[in-house]
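Predicted model only: the values in this text are computed from it and were never measured.
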Amino acid sequence: MIAEAIDTAITLGWAFLVWLVLVSLAAALALHAVIVIVCWTVRALWRGLEGPSWARNRLRARLFARRTRPDYEEAA
């Protein structure tokens with residue numbers, strides 16, 4: 001009877017260890033996927049903000065034109 005209890009405890013221990021390893025692998029895979037998605041999103045947003053400043057709004061376009069074009073005149 002005690003031998004069966006010990007055998008059951010060992011079997012349950014191995015099952016718990018396998019379950020723990022599989023859950024840890026799944027969690028690590030999910031964490032890596034989230035990290036990749038966040039990095040990809042941040043990089044895409046960062047690249048969207050790159051480029052000439054005048055491409056973002058009208059004020060910057062006017063300032064850029066004043067600074068770089070000597071013949072620039074604003075419309076009334």
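- Apart from V38 itself, the hydrophobic cluster it occupies contains V34, V42, where clustering links Ile, Leu, Val, Met, Phe, Trp and Tyr at side-chain heavy-atom distances under 4.5 Å.
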Let me have the donor-acceptor pairs involving side chains of residues 4-32, under 3.5 Å, with sequence neighbours excluded, atom names and distances please.
residue: T8; atom: OG1; partner: E4; partner atom: O; Å: 2.8
residue: T11; atom: OG1; partner: D7; partner atom: O; Å: 2.8
residue: S24; atom: OG; partner: L20; partner atom: O; Å: 2.8
residue: H32; atom: ND1; partner: A28; partner atom: O; Å: 2.7

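- Using a 4.5 Å cut-off between side-chain heavy atoms of Ile, Leu, Val, Met, Phe, Trp and Tyr, W46 forms no hydrophobic cluster with any other residue.
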